[in-house]
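First comes the structure, then the notes that go with it.
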Amino acid sequence: MDDMEDFTGAVIETVKLIPRGKVMTYGQIASFVGSPRSSRQVSRILHSCSEKFSLPWHRIVNSKGEIAFKRNQAYSEQKTLLEGEGIVFDKEGRIDLDKFLFKPFNGNS
């Protein structure tokens with residue numbers, strides 16, 4: 001198995017860990033799996049693998065706590081899914097990462 005397959009597998013497994021009502025950032029996932037400069041690759045993996053692996057893609061946001069999509073149908077779908085899990089957005093459309101960020105293996109649930 002090559003490094004890209006290892007990275008992809010690690011990203012998929014990390015995304016599967018995110019519980020309802022919590023989010024992770026693209027960069028946080030990249031760092032967690034050992035490649036802190038690969039947040040764009042995390043995005044590509046989510047795009048190509050979410051359906052195949054039934055990933056909770058909607059639980060991934062950018063480092064500002066914002067949905068990365070422009071305000072379109074995908075944005076609306078992600079926001080609806082997150083709100084359905086109890087995640088709250090402020091008036092600027094941001095999620096309070098202090099409250100909703102998932103930190104794997106850090107005593108966070």
Side-chain angles (χ1 to χ4, degrees):
M1 195 180 293
D2 67 17
D3 288 343
M4 193 62 222
E5 288 175 354
D6 291 344
F7 178 77
T8 299
V11 168
I12 289 168
E13 291 309 309
T14 301
V15 172
K16 287 180 177 180
L17 293 173
I18 307 168
R20 286 179 56 84
K22 294 288 183 179
V23 297
M24 287 183 80
T25 69
Y26 298 96
Q28 178 193 14
I29 292 168
S31 292
F32 183 74
V33 301
S35 189
R37 299 175 60 92
S38 299
S39 58
R40 287 187 186 203
Q41 190 59 33
V42 171
S43 176
R44 287 186 196 101
I45 292 165
L46 286 172
H47 180 73
S48 63
C49 296
S50 287
E51 190 173 325
K52 179 178 180 180
F53 293 98
S54 299
L55 299 178
W57 62 271
H58 62 284
R59 296 181 186 145
I60 315 302
V61 296
N62 70 23
S63 61
K64 296 176 184 174
E66 298 170 337
I67 292 173
F69 295 112
K70 301 294 178 214
R71 292 187 185 248
N72 60 16
Q73 184 176 350
Y75 174 94
S76 297
E77 180 182 359
Q78 186 172 5
K79 187 171 190 224
T80 299
L81 288 167
L82 290 171
E83 288 174 332
E85 295 184 2
I87 292 177
V88 178
F89 290 80
D90 68 16
K91 63 183 190 246
E92 284 84 36
R94 290 190 176 132
I95 296 165
D96 180 351
L97 293 178
D98 289 334
K99 182 174 183 181
F100 294 106
L101 189 69
F102 177 60
K103 299 171 190 141
F105 310 115
N106 223 15
N108 187 344
S109 57

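From a predicted model like this one, the values you see are computed outputs, not experimental measurements.
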Straight-line distance of [X] [atom1] to [Y] [atom2], nearest 0.5 Å:
X     : Y      : atom1 : atom2 : value
Arg71 : Ser76  : CZ    : OG    : 8.5 Å
Trp57 : Ser43  : CH2   : OG    : 11.5 Å
Gln41 : Thr8   : CD    : OG1   : 6.0 Å
Ile60 : Leu46  : CD1   : CG    : 5.5 Å
Met24 : Lys103 : CE    : NZ    : 10.5 Å
Phe89 : Ile67  : CZ    : CD1   : 4.0 Å

Practice task
Using a 4.5 Å cut-off on heavy atoms from C-beta on, say whether the side chain of Leu97 contacts that of Val23.
Solution key: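 Val23 vs Leu97: side chains touch.
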Practice task
With the side chain counted from C-beta on, respond yes when Leu55 and Ile12 share a heavy-atom pair under 4.5 Å apart, and no when they do not.
Solution key: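 Yes. Closest side-chain heavy atoms under 4.5 Å.
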Problem - Gln73 CD: over 12 foreign heavy atoms closer than 6.0 Å - result: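 At most 12 heavy atoms, drawn from other residues, nucleotides or ligands, come within 6.0 Å of this atom.
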Practice task
Inspect the surroundings of NZ in Lys16 and state if more than 12 heavy atoms from other residues, nucleotides or ligands are less than 6.0 Å away.
Solution key: yes
Exercise for the section: Compare every heavy atom of Lys99 with every heavy atom of Lys22, then report the nearest pair and how far apart it is. Expected result: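 Taking every non-hydrogen atom into account, NZ-O, 3.1 Å.
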Handout entry: Heavy-atom closest pair, residues Ser31 and Pro36
Key =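 Answer, listing the atom of Ser31 first, then Pro36: OG-CB, 3.3 Å.
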Practice task
Keeping the roles fixed (side chain from Gln78, backbone from His58), state whether a donor-acceptor pair exists under 3.5 Å.
Solution key: yes
Handout entry: Test log, rule side chain to side chain contact (heavy atoms under 4.5 Å, CB included), inputs Asp6 and Val33
Key = CA-CA 9 Å; Asp6 291 344; Val33 301; over 6 Å; no
Practice task
Please assess Val42 against Phe7 for the test side chain to side chain contact (heavy atoms under 4.5 Å, CB included), listing each intermediate value before the final yes or no.
Solution key: CA-CA 9 Å; Val42 171; Phe7 178 77; 4.0 Å; yes
Problem - Steps toward side chain to side chain contact (heavy atoms under 4.5 Å, CB included) verdict (Ile87, Arg59) - result: CA-CA 10 Å; Ile87 292 177; Arg59 296 181 186 145; 5.8 Å; no
